[in-house]
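We're numbering straight along the sequence, starting at 1. All values below were derived from every heavy atom in this structure, side-chain atoms included, with hydrogens, water molecules and symmetry-related copies excluded. Only a predicted model underlies this, so the values are computations on that prediction, with no experimental measurement involved.
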Amino acid sequence: MTRSKMIRSTTKRLDTVHSASYFAQDMVAELDELGVQRDAQYLAQRAAPLGQASAELVTATFYSFSPTYVSAHVPACWEQAAPKEIHKARVRAAEKIIQRLVAGPDGQELVESIPLIRRALAPVLEAADICGKPLYAAHVSERRAAGEDASELVQLWWDITLLREFRGDAHLAALIVTGVGSVESIVLDSATGKSFAPYYMRKMRGWTSEEWAEVAEKLTMAGFLTSADDEATLTEEGVKLRAHVEGLTDLAVASTWDALSDEQVSDLQGLATLWAKAVAQSGIIPQKLFG
């Protein structure tokens, strides 16, 4: 495996810890308590570091969500609860989620890995520039404001979240420069068979079946999909297109990892795999949602 693929794999495996929060009942309960409507909870928790963001700002920074869906919930969600309170609830829930993971079968190994992961990620995050990365920058601001008094579990969540949002913003830039639009990006993602199934991707991102079908038809005609229905897979050209976007993303984040040797990245990848396995075994993210 090349260095860039190791970095990509490590980031995505660690990201499962962050992504678990969007499905965990601990998060739902915290946001329910604040009065945040269920359909708005993903948008509200992830956008909270932006402050009282407009629908346009959330649509821009989230990229693949329907503007109609976003505007139905933003800025209304800030009337249900203030961004600062939503963010506090998010962090409380994240700690509970990680507590559940470390209470599982491989708990001791997970606990022992935390300082190792944090030590490895420290120079990476130190080198991660905020320029051109708005959602990452907003999270950096919240992290700095929070200080270092939180538990090791919360600090781990922060490190993983910053790593995720940094690569995420870089990925959006890669999509834009490649000419892959918002809906196109998730139609292609679903067609890999490794991401959310089309029906759930539409529900989660707020696109209608008609909007999805129109884009899928264009991608099929362009030679990137085998068909325009929900059974579509990537053609050879579709695989090349996605590989190109991922390659540009890899290039955008590569220099932040310069402080780590190949061996250190490989070691971190192994630790990341432990956490990805723990999330999978926990059942927090339902496997039936994937294509």
Side-chain angles (χ1 to χ4, degrees), residues 1-24 27 46 91 93-128 133 135-136 139-140 143 150-171 189 192 194-196 243 246-247 249-287 289-290:
M1 183 180 292
T2 64
R3 178 179 173 85
S4 62
K5 287 185 178 180
M6 279 199 299
I7 291 171
R8 185 193 310 172
S9 171
T10 299
T11 302
K12 291 186 176 182
R13 291 177 191 185
L14 286 174
D15 180 45
T16 60
V17 179
H18 171 95
S19 296
S21 66
Y22 300 123
F23 301 89
M27 187 69 72
R46 193 169 173 220
V91 174
E95 183 171 28
K96 293 175 183 176
I97 293 163
I98 298 178
Q99 284 173 340
R100 292 183 187 279
L101 294 176
V102 299
D106 300 316
Q108 185 59 39
E109 201 171 2
L110 293 175
V111 169
E112 291 172 357
S113 76
I114 293 176
L116 301 177
I117 293 173
R118 296 204 61 223
R119 191 178 307 124
L121 289 181
V124 177
L125 295 174
E126 181 67 27
K133 301 176 181 68
L135 197 52
Y136 168 69
H139 281 79
V140 168
R143 170 71 182 273
S151 71
E152 275 289 291
L153 302 186
V154 170
Q155 298 289 3
L156 175 69
W157 178 82
W158 265 121
D159 289 350
I160 291 172
T161 296
L162 292 180
L163 189 70
R164 171 225 168 91
E165 298 298 3
F166 180 78
R167 184 177 179 93
D169 280 347
H171 187 64
D189 195 29
T192 65
K194 299 177 182 178
S195 186
F196 294 120
E246 289 294 343
T249 307
D250 292 341
L251 185 62
V253 305
S255 64
T256 62
W257 291 79
D258 283 350
L260 272 60
S261 67
D262 289 353
E263 183 179 0
Q264 288 172 315
V265 174
S266 180
D267 289 344
L268 181 57
Q269 183 184 33
L271 298 176
T273 302
L274 289 176
W275 284 89
K277 177 184 174 183
V279 172
Q281 291 179 336
S282 73
I284 294 174
I285 304 177
Q287 292 304 301
L289 302 179
F290 293 85

If you round to the nearest 0.5 Å, how far is [atom2] of [Y] from [atom1] of [X]?
X	Y	atom1	atom2	value
Q108	L110	CD	CG	9.5 Å
M6	Q264	CE	CD	11.0 Å
L162	R167	CG	CZ	15.5 Å
I114	E109	CD1	CD	12.0 Å
W257	T10	CH2	OG1	5.5 Å
T161	H18	OG1	NE2	5.0 Å

### Task
Apply side-chain contact (heavy atoms from CB on, under 4.5 Å) to L116 and R119, showing your working.
CA-CA 5 Å; L116 301 177; R119 191 178 307 124; 3.4 Å; yes
### Task
Verify whether one side chain among Q155 and R143 offers a donor that lies under 3.5 Å from an acceptor in the other.
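Yes, a side-chain donor-acceptor pair sits under 3.5 Å.
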### Message
Please check this pair: side chain of S19 against backbone of T16, looking for a donor-acceptor N/O pair closer than 3.5 Å.
### Response
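No; judged by distance alone, with no hydrogens or angles, the pair does not exist.
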Got [X] and [Y] here, is their nearest side-chain heavy-atom distance under 4.5 Å?
X	Y	result
L14	L121	yes
I284	L101	yes
D15	L163	no
F166	L135	no
D159	I117	no
L274	K277	no
M27	K96	no
L260	I7	no

### Cationic N near anionic O, under 4.0 Å, K5 to D250
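No, no charged N to carboxylate O under 4.0 Å.
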Please find the pair of heavy atoms, one from [X] and one from [Y], that lie closest to each other, and give the distance.
X	Y	value
V111	P115	O-CD, 3.5 Å
I97	A24	CD1-CB, 3.5 Å
H139	W158	O-CZ3, 3.4 Å

### Query
Should the heavy atoms of other residues, nucleotides or ligands under 6.0 Å from CZ of R118 be counted, would the total exceed 12?
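Result for CZ/R118: enclosed.
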### Task
Look at atom NZ of K12 and say whether more than 12 heavy atoms of other residues, nucleotides or ligands are closer to it than 6.0 Å.
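Result for NZ/K12: enclosed.
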#### Entry: Of all pairs that satisfy salt bridge (Lys or Arg N to Asp or Glu O under 4.0 Å), the ones with a partner from residues 257-267, not counting sequence neighbours
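Non-adjacent pairs meeting salt bridge (Lys or Arg N to Asp or Glu O under 4.0 Å): R3-D262.
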### Message
S151 vs E95, test: side-chain contact (heavy atoms from CB on, under 4.5 Å). Steps then yes/no.
### Response
CA-CA 8 Å; S151 71; E95 183 171 28; 2.7 Å; yes
### Query
Taking only residues two or more places apart in sequence or in another chain, which ones pass ring pair (Phe, Tyr, Trp, His ring centres under 6.0 Å) with W275?
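By the ring pair (Phe, Tyr, Trp, His ring centres under 6.0 Å) rule, W275 matches no residue at all.
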